[in-house]
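What you see below is based on every heavy atom in this structure, not just the backbone, and it leaves out hydrogens, waters and symmetry mates. When a ligand or atom number is given, it counts from 1 through the structure's own listing order.
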Amino acid sequence: MLLLMTFSVLLSTACCVVYDYGAYDATRDAFLPGRFPDGFSFSTATAAYQIEGAWNASGKGESIWDRFSHTPGKVDRGDTGDVACDSYNKYREDVQLMKNMGLRDYRLSLSWPRIFPDGTLAGGVNQDGVDYYNNVIDELIANGITPMVTLYHWDLPQALQEKYGGWVNETLVEHFNDFATFAFQTFGDRVKNWITFNEPKPVCNKGYETGTRAPGVRDLTLLSAYRCGHTIIKAHARAYHTYDRGFRSSQGGIVGITLNLDWAEPRDPDLPTDVQATDRYMQIYSGWFAHPIYVDGDYPPFIKEGLQQVDLANPGETVPSFSAEDAAYIAGTADFFGLNHYKTRIVTSRDITVGTAGQTFRDTIEATVAPEWPQSASSWLYVVPWGLRRLLKHIKQTYGDPDVYITENGRSDPDVQPPILEDTDRVCYYMTYIDEVLKAIKDDDVKVKSYTAWSFMDNFEWDKGYTERFGLFYVDFTDPNRPRTPKRSAGFYTDIIANNGFPEGADVTKMVNDMWGQCRGSGTAGLHDSNGLLALFFTIIALCTSLKWT
Ligand code: PNW
């Protein structure tokens, strides 16, 4: 009976600043010309497993992604990161391409098992791995490019997975801290921008719940996923304090975490249940990690309630919770807000009974997309530029007006022949999303300090292998030399960097003006649009969908 904790009880949760969803006006989708503030950084990003290859070169240990991709059936087409973009050998060429674009910042990640082959300090350091990263960092700096380094972008040493079960086990807090300490000691004289973790949410939901990504653990009780998140939050805080106490004064760098936050809109902004469901969505999917780190050291209220329900549904198991001491240790452990943004959703409430038929607190929400939002090659990735601006405002309001570093944003094309080098959709994507960032800075006063395009080049897109291409550069994965070819978007991004945005009169600004209608006309306008026909169309779809739900 206790298991039947009802939806209405869960709904009682009140939290957070409620966004003014009604504030739409006709200028939402208009182009705003102008320069970014002085010092604003335009960057690109990659991650070790996605680009390096050399999976077993010179002493490197196995990672969970090596193991996962070598297991038949796990990755589309049987693709692996064994060679990937071969950046282990081609990093000098990559740095030259970046330099030619005028890039002054680059975000990369370290492969933990390339440095600690069995994941532990006691197991020994692989000098070849240290040399490799020293070389990459030196090459970047020699070419005027500032590295931003992510310590963990998903390639856990396989040995730690086997010995401890991976992130569900809090033993990893200390092992991660050893790795972070070694990285600060070894590279911190030159690296001043550190990110502890990239996107812990999919690490836990896909790695330890659905099992669709490494290490492929399937546990639909949610216990493993929330234990994974718990360990990662503690490991992040531990590494932050290590830097703060041991390295900040001598090295003068900054440490943060990169979280992927979605934006959510109520299907009907005038319907309180939709607005509440949207708030739940933001707590569950955007607040899981942000709330403890940027607010009060603890989970958002709706997750805390949800975890009680998970506890009831799993007798004999203990769900994670933070003590007051933990909370004090965790709160405020970031010098900036690292944001990866890809997703906007429309949310409505689902009237279900939590605890029956496998329904969890997360099932009290229905998230959909508007029919007119253009898609990409990734099933989950729709183009909704204004969602980024609203999300940035939400971050300002909810998380203490932090400096925001946008550490990823981008869209995918399919892997087709002939290759898509005239990637107009990606040009439109960057044009509109980057302009939303400009609006957030100029009109909403959000302290956005950088924008990072994902990705510098096509690479190993996790369980999708090489079927989805996010790069500014095309990589031919059938050629042993892995040649890089600039797409049209690389030239466009180069122009934005050179002009620091879209100043009046610049060629890039004229080009954007010319293309704006075409880009927006391809459907980037959206929900609650003032365009009557679109609104009517959307209302009819929404009505049909709601009939289906009832
Ligand atoms: C990020 N979502 O993953 C990762 O940081 C990158 O390594 C990856 O290549 C890139 O985005 C593109 O997928 C995400 O469902 C995966 O919202 C999924 C989502 C967001 C980010």
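Residue contact annotation: Glu468 has no non-hydrogen atom under 4.0 Å from ligand 1.
Contact annotation for Leu381 and ligand 1: no heavy atom of the residue comes within less than 4.0 Å of the ligand. With a 4.0 Å heavy-atom cut-off, ligand 1 is reached by the side chain of Asn198 but not by its N, CA, C or O.
Ring pair Phe197/Tyr152 is tilted by interplanar angle, where 30° to 60° counts as tilted. Classified by interplanar angle (parallel below 30°, tilted 30° to 60°, perpendicular above 60°), the ring pair Tyr132/Tyr88 is tilted.
Counting protein heavy atoms only, atom 17 (O) of ligand 1 is closest to Lys343 CD, 3.0 Å. Glu408 OE1, 3.4 Å is the protein heavy atom nearest to atom 4 (C) of ligand 1.
Residue Asn340 has at least one heavy-atom neighbour below 4.0 Å for each of these atoms of ligand 1: 5 (O). Atom numbering of ligand 1 starts at 1 in the shown order; those under 4.0 Å from a heavy atom of Phe470 are 12 (C), 13 (O). Under a 4.0 Å criterion applied to the non-hydrogen atoms of Glu461, ligand 1 contributes the atoms 8 (C), 9 (O), 12 (C), 13 (O). Ligand-side atoms of ligand 1 in range of His153: 4 (C), 5 (O), 6 (C), 7 (O), range being under 4.0 angstrom from any heavy atom.
Between Trp154 and ligand 1, no pair of N/O atoms sits closer than 3.5 Å. The N/O atoms of Glu199, backbone and side chain alike, include one that comes under 3.5 Å of an N/O atom in ligand 1. Any N or O atom pair closer than 3.5 Å counts here, and Asn459 shares no such pair with ligand 1. Residue Trp454 has at least one nitrogen or oxygen atom sitting less than 3.5 Å from a nitrogen or oxygen atom of ligand 1, judged on distance alone.
Salt bridge annotation for Asp458-Lys487: present, with a cationic side-chain nitrogen under 4.0 angstrom from a carboxylate oxygen. Using a cut-off of 4.0 Å between Lys/Arg side-chain N and Asp/Glu carboxylate O, Arg482 and Glu93 are scored as not salt-bridged.
The nearest pair of heavy atoms linking Tyr466 to Thr80 is OH-O, 2.8 Å.
Between the CD1 atom of Ile406 and the CD atom of Glu408 there is a distance of 11.5 Å, given to the nearest 0.5 Å.
Take Glu468 and apply the salt bridge (charged side-chain N to carboxylate O under 4.0 Å, His left out) test, not counting sequence neighbours, and it matches no residue.
Across Phe460, Trp462, Trp380, Tyr342, heavy-atom proximity to atom 19 (C) of ligand 1 is greatest for Trp380.
Cation-pi contact between Arg28 and Trp386: present, with separation from the ring centre below 6.0 Å and deviation from the ring axis of at most 45°.
The list of disulfide bond (SG atoms under 2.5 Å apart) pairs with a residue in residues 207-236, not counting sequence neighbours, reads Cys204-Cys228.
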